[in-house]
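We count ligands from 1, going down the list as the structure has it; atoms in each ligand are counted the same way. These numbers come from the heavy atoms of this one structure, side chains and all, not from hydrogens, waters or symmetry mates. As the structure is a prediction and not an experimental result, all values here were calculated from the model.
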Amino acid sequence: MSKNKYQSKQDRKHRVFAIIAVVIIAAMIASLLLAGLTGCGLQTASASDYIDRTSFYFDTVINIRIYDNQDESILDGCMELASKYDSLLSANTKDSDIWNINHSDGSPVTVDPDTISLLDTALYYAELSDGAFNPCLGSVISLWDFTSEDEQDHVVPDSESIEEALMHTDYNSIIIDSDNLSVTLSDPDAKIDLGAIAKGFIADKIKDYLVDNNVHSAIINLGGNALLVGAKTDDSSFTVGIEKPFSGSGEYITTVSATDKSVVTSGIYERYFELDGTIYHHLIDPSTGYPTQNSLYSVTIISDNSVDGDALSTACFVLGPEEGMKLIESLDGIEAAFVYNDYSIEYSEGF
Ligand code: AMP
Ligand code: MG
């Protein structure tokens with residue numbers, strides 16, 4: 001479940017290639033060992049039992065592994081989808097739909113129907129979580145850099161900048177006109193950031209594509225978020241590891257056995273820097289503009305659709321243990337595991 005912590009904005013491309021190289025070497029070693037250990041879960045299959053592809057999109061390493069079909073062109077199709085959605089939904093990719101909306105000075109922007117659909121879902125979860133999940137937090141998020149390797153980038157923004165940015169984070173300023181496929185930001189200084197939900201949405205799209213192509217046993221791993229397609233080829237469940245926070249990759253605090261489910265985690269250990277003994281992490285409290293402070297290290301959500309799990313994992317983390325678990329228990333078909341900063345785990349009732 002290793003997430004990319006190594007990317008700086010300036011040398012993104014070099015790091016992308018470096019990461020892909022590391023991933024390929026790691027994959028070769030893994031193949032030699034025939035261990036079947038994936039980035040997000042423990043599989044018992046040998047390396048020859050599947051085809052897979054690893055790449056780098058959405059600022060993170062992604063891997064698609066198919067167990068019941070040997071057609072490599074299906075993997076090509078998955079990567080084309082990943083590329084398409086990266087260039088549609090990333091706030092950092094010039095001329096993406098989100099980039100265009102964020103740079104429109106408040107005028108309407110025509111977008112893809114998928115962008116409308118995801119923004120609709122994002123606003124639904126913003127309402128449901130009372131703004132704990134906020135897709136309009138871009139002005140604040142862009143003040144922080146949690147991913148740079150360069151320590152000089154690890155700075156706490158000054159409070160005036162945060163106060164100013166916070167004034168432009170009202171998600172009600174995202175005006176959607178579904179009939180005309182257009183989106184307007186009524187506050188021209190507001191910025192949309194879908195980093196907390198886009199990977200889940202894209203995983204669901206890739207799963208739809210796989211099922212349409214007669215794949216019924218696969219794992220879609222987008223930066224450690226797993227979406228299971230069906231079951232293993234012997235009809236038994238997949239087992240997905242939930243990363244032990246701050247352990248480095250490969251150590252799991254618990255595992256989930258499931259078929260056809262999404263397993264998504266939001267954790268402070270995924271992107272953070274440490275300054276004077278304080279950890280500054282990427283899960284921002286929209287009421288303060290600073291990293292959320294509570295007793296949690298991570299929240300994992302089990303759901304049918306990954307878009308729901310992705311939005312809820314971020315929302316529940318920011319809501320905190322009590323409000324977060326209350327929200328989970330109010331929803332049908334959603335389960336959660338909350339990992340506390342003493343490494344104890346609280347599970348939802350139906351987990
Ligand atoms: P995730 O790993 O899905 O929890 O998403 C975390 C990412 O979402 C961060 O790196 C930010 O880009 C963005 N983000 C941080 N805090 C919030 C929040 N409260 N609501 C929505 N997006 C957020
Ligand atoms: Mg999320």
Side-chain angles (χ1 to χ4, degrees), residues 1-5 7 9 40 58-62 89-93 98 102 118-119 121-148 162 165-166 169-171 174 190-204 222-227 242-243 245 262-273 280-294 296-303 305-320 323-324 327-328 334 336 338-339:
M1 276 212 192
S2 61
K3 288 222 172 187
N4 166 50
K5 292 181 201 162
Q7 189 179 22
K9 283 172 186 156
C40 67
F58 334 115
D59 288 352
T60 195
V61 177
I62 76 167
L89 302 172
S90 165
N92 299 324
T93 303
I98 301 305
N102 286 345
L118 179 54
L119 284 172
T121 308
L123 290 178
Y124 168 79
Y125 279 107
E127 282 288 316
L128 187 73
S129 66
D130 208 11
F133 167 85
N134 183 347
C136 199
L137 210 52
S139 59
V140 172
I141 290 168
S142 60
L143 295 176
W144 294 89
D145 189 343
F146 300 107
T147 53
S148 174
I162 290 198
L166 274 177
T169 56
D170 181 359
Y171 60 82
I174 304 172
K191 299 264 179 285
I192 297 173
D193 185 307
L194 299 176
I197 190 170
K199 283 208 289 286
F201 179 81
I202 295 159
D204 290 334
L222 304 189
N225 292 342
L227 179 58
I242 296 178
E243 189 169 335
S262 159
V263 184
V264 169
T265 299
S266 288
I268 70 171
Y269 60 90
E270 292 170 322
R271 287 162 192 241
Y272 71 97
F273 62 84
Y280 295 92
H281 62 81
H282 70 137
L283 302 172
I284 303 293
D285 181 345
S287 68
T288 66
Y290 289 87
T292 305
Q293 286 190 312
N294 60 34
L296 293 172
Y297 269 169
S298 70
V299 169
T300 297
I301 304 288
I302 321 291
S303 56
N305 295 315
S306 210
V307 69
D308 302 313
D310 203 357
L312 285 169
S313 65
T314 313
C316 288
F317 188 94
V318 174
L319 284 170
E323 289 298 311
L327 175 59
I328 294 305
I334 310 279
F338 288 24
V339 177

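With a heavy-atom cut-off of 4.0 Å, Val318 touches ligand 1 through its side chain alone. At a 4.0 Å heavy-atom cut-off, ligand 1 does not touch Val264 at all. Proximity of Thr292 to ligand 1, defined as any heavy-atom pair under 4.0 Å, is not found for any part of the residue. Under 4.0 Å from ligand 1, not a single heavy atom of Ala315 appears.
Around atom CG of Asp170, more than 12 heavy atoms belonging to other residues, nucleotides or ligands sit under 6.0 Å away.
Between atom 10 (O) of ligand 1 and the options Glu270, His281, His282, the minimum heavy-atom separation is to His282. Closest heavy-atom approach to atom 16 (N) of ligand 1 within the set Asp59, Thr147, Asn225, Ile284: this belongs to Ile284.
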Exercise. Can Ile197 and Thr314 be said to form a side chain to side chain contact (heavy atoms under 4.5 Å, CB included), step by step?
Worked result: CA-CA 8 Å; Ile197 190 170; Thr314 313; over 6 Å; no
For this session: In sequence, state the C-alpha distance, the side-chain angles, and the governing distance for Leu312 and Val264, and then conclude on side chain to side chain contact (heavy atoms under 4.5 Å, CB included).
Result: CA-CA 9 Å; Leu312 285 169; Val264 169; over 6 Å; no
For this session: Could you give me the CA-CA distance, side-chain angles and deciding distance for Tyr171 and Leu123, then say whether side chain to side chain contact (heavy atoms under 4.5 Å, CB included) is met?
Result: CA-CA 7 Å; Tyr171 60 82; Leu123 290 178; 3.9 Å; yes
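Checking only distances, Phe133 never comes within under 3.5 Å of ligand 1, N or O to N or O. Backbone and side-chain nitrogen or oxygen atoms of Thr314 are examined, and one is located within less than 3.5 angstrom of a nitrogen or oxygen of ligand 1.
What you find for Ile192 and Ile98 is that their closest heavy atoms are O-CG2, 3.6 Å. Minimum heavy-atom separation, Pro135 to Leu194: CB-CD2, 3.9 Å.
Checked options Asp310, Val307, Leu222; the residue passing with Ile202 is Leu222 (criterion: side chain to side chain contact (heavy atoms under 4.5 Å, CB included)).
Side-chain atoms of Thr292 come within 3.5 Å of backbone atoms of Leu283 as a donor-acceptor pair (strictly under, hydrogens ignored). Counting only distance, with no hydrogens or angles, the side chain of Trp144 and the backbone of Tyr290 share no donor-acceptor pair below 3.5 Å.
Close approach of ligand 1 to Ala132 is summarised as follows: ligand atoms under 4.0 Å from at least one heavy atom of the residue are 18 (C), 19 (N), 20 (N). Taking a cut-off of under 4.0 Å to the non-hydrogen atoms of Ser266, the atoms of ligand 1 that pass are 1 (P), 2 (O), 3 (O), 4 (O). The distance from ligand 1 to the heavy atoms of Pro286 drops below 4.0 Å at these ligand atoms: 19 (N).
In this structure, the ring of Tyr272 has its center no less than 6.0 angstrom from the ring center of Phe146.
Taking CG from Asn92 and CG from Asp59, the interatomic distance works out to 6.0 Å, rounded to the nearest 0.5 Å.
Counting only protein N, O or S atoms closer than 2.8 Å to the Mg ion (ligand 2) gives 4.
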